[in-house]
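Just below is one structure, and these are the notes that go with it.
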Amino acid sequence: MLDATTRSGGTATASPRATTDLTAAVPAAAPALVTATGPAARCARVLLSPWARLSLLVVLLAAAASLVLAFQPQRLLTDGWPAHLGGTAAVVAYAVAYGVCTVAFVPRPLLNLAAGALFGTQLGLVAALGGTVLGAGLAFCLGRALGQDALRPLLRGRWLKAADHQLSRHGFRSMLAARLFPGVPFAASNYCAAVSRMRLLPFLLATALGSIPNTAAYVVAGARASTPTSPAFLIALACIAVPGLAGAAVAWRKRHRLRGR
């Protein structure tokens, strides 16, 4: 018999029947494994698909906007800052709230004016700039993680391709110009940069540097709003109005040039 131990060497030889049974048992377990992991894998692919992540981004932005509307942050200007928060804690809390509000598309000029009215010029500028960088970073990371894969295939128009090329190839100087230019919406530029190939560090650095002039003007105006005839308030208004008028003139001129082509 083949399955008996040889008398000469004492070496055991496996039986053909046992080998057949062993090989037949392996394929029998494989379908059960595939059946157990198949639905989970398909569910994971659906949940991690580009359009599912984009839908999650829309839900998160809608939730943030709802929270802002429910909280009514404009009451801080009428009721004042909570008494138990003061100094550094108040500045940090306002910067965090500022960042969340900008992600929820709250206009930055209102937040900058409120920072100046609540904290004065110096601390207000620190809180507003901190919130600006934080909000830009949050929007960039959310857009990059949840929206880039779904939106990049839609960049087919000439203007969209040109903006994507500019941000991808010359990210720092393009974003610096966008922050200095008063007519570019803050939230829109954040998500456009997230969809492009721009890196996070140049984006944050350009945001911090480019936002200083405009943010400082609004903070000073908010801090001196009680004395509208003071030189500081008038200079702040001029710093707000002149770049805005210059930006509108440049946009109008470019518009006529494009029509002429």
Side-chain angles (χ1 to χ4, degrees), residues 44-69 95-112 128-215 243 247-248 250-251 254-255 258:
R45 285 195 298 269
V46 171
L47 293 177
L48 296 178
S49 64
W51 287 103
R53 283 181 286 156
L54 181 61
S55 301
L56 177 60
L57 176 61
V58 173
V59 171
L60 291 176
L61 295 180
S66 301
L67 287 175
V68 170
L69 292 176
V96 173
Y98 187 115
V100 175
C101 288
T102 56
V103 173
F105 303 101
V106 176
R108 283 184 63 247
L110 298 179
L111 298 172
N112 293 333
L129 283 177
T132 297
V133 176
L134 176 62
L138 288 175
F140 185 92
C141 293
L142 286 174
R144 178 62 56 87
L146 302 178
Q148 187 186 46
D149 293 339
L151 295 178
R152 279 200 68 82
L154 303 180
L155 300 178
R156 299 175 182 175
R158 184 181 66 177
W159 288 99
L160 294 177
K161 287 184 177 180
D164 175 66
H165 177 77
Q166 187 70 20
L167 287 172
S168 299
R169 294 287 300 273
H170 311 287
F172 176 80
R173 68 184 187 187
S174 299
M175 188 52 56
L176 183 64
R179 298 310 188 196
L180 292 171
F181 191 76
V184 180
F186 182 74
S189 60
N190 292 337
Y191 292 109
C192 286
V195 175
S196 71
R197 304 292 187 187
M198 186 178 183
R199 293 182 292 115
L200 177 61
L201 185 58
F203 170 78
L204 293 178
L205 185 58
T207 297
L209 294 177
S211 301
I212 291 176
N214 184 265
T215 303
V250 170
K254 294 291 184 181
R255 175 174 174 269
L258 291 174

Legend entry - Nearest atoms (heavy-atom pairs only) where Phe105 meets Ala187: CD2-CB, 3.4 Å
Inset, instruction - Test Leu60 against Leu56 for side-chain contact (heavy atoms from CB on, under 4.5 Å), laying out the working first. - result: CA-CA 6 Å; Leu60 291 176; Leu56 177 60; 4.2 Å; yes
Legend entry - Shortest non-hydrogen contact between Met198 and Leu167, atoms and distance: CB-O, 3.7 Å
Inset, instruction - Report the residues that fulfil side-chain contact (heavy atoms from CB on, under 4.5 Å) with Leu134, sequence neighbours left out, ordered by chain and then residue number. - result: Val96, Leu138
Legend entry - Arg144 (side chain) donor-acceptor with Ala139 (main chain) under 3.5 angstrom: no
Inset, instruction - Rounded to the nearest 0.5 Å, what's the gap from CG on Leu209 to OG1 on Thr207? Could you check? - result: 9.0 Å
Inset, instruction - Calculate, to the nearest 0.5 Å, the distance between atoms CZ and CZ belonging to Arg197 and Arg169 respectively. - result: 13.5 Å
Inset, instruction - Please report the closest heavy-atom contact between Thr132 and Phe186, naming both atoms and the distance. - result: O-CZ, 3.5 Å
Legend entry - For the student: nearest non-hydrogen atoms of Gly137 and Leu204, plus distance: CA-CD2, 3.7 Å
Legend entry - Non-neighbouring partners of Pro185 that pass side-chain contact (heavy atoms from CB on, under 4.5 Å), sequence neighbours left out: Ala188
Inset, instruction - Please report the closest heavy-atom contact between Val103 and Gly135, naming both atoms and the distance. - result: CG2-O, 3.7 Å
Inset, instruction - Take Thr102 and Asn190 through the side-chain contact (heavy atoms from CB on, under 4.5 Å) test and state the conclusion after the steps. - result: CA-CA 10 Å; Thr102 56; Asn190 292 337; 5.8 Å; no
Legend entry - Sole residue of Val106, Asn112, Leu110 in side chain to side chain contact (heavy atoms under 4.5 Å, CB included) with Arg108: Asn112
Legend entry - Test log, rule side chain to side chain donor-acceptor pair (under 3.5 Å), inputs Ser211 and Arg179: CA-CA 6 Å; Ser211 301; Arg179 298 310 188 196; 4.6 Å; no
Legend entry - Rounded distance [0.5 Å steps], CG in Leu205 versus CZ in Arg199: 11.0 Å
Legend entry - Shortest non-hydrogen contact from Cys101 toward Leu111: CB-CD1, 3.9 Å
Legend entry - Pairwise distance CE(Met175) to CD(Gln166) - rounded to 0.5 angstrom: 10.5 Å
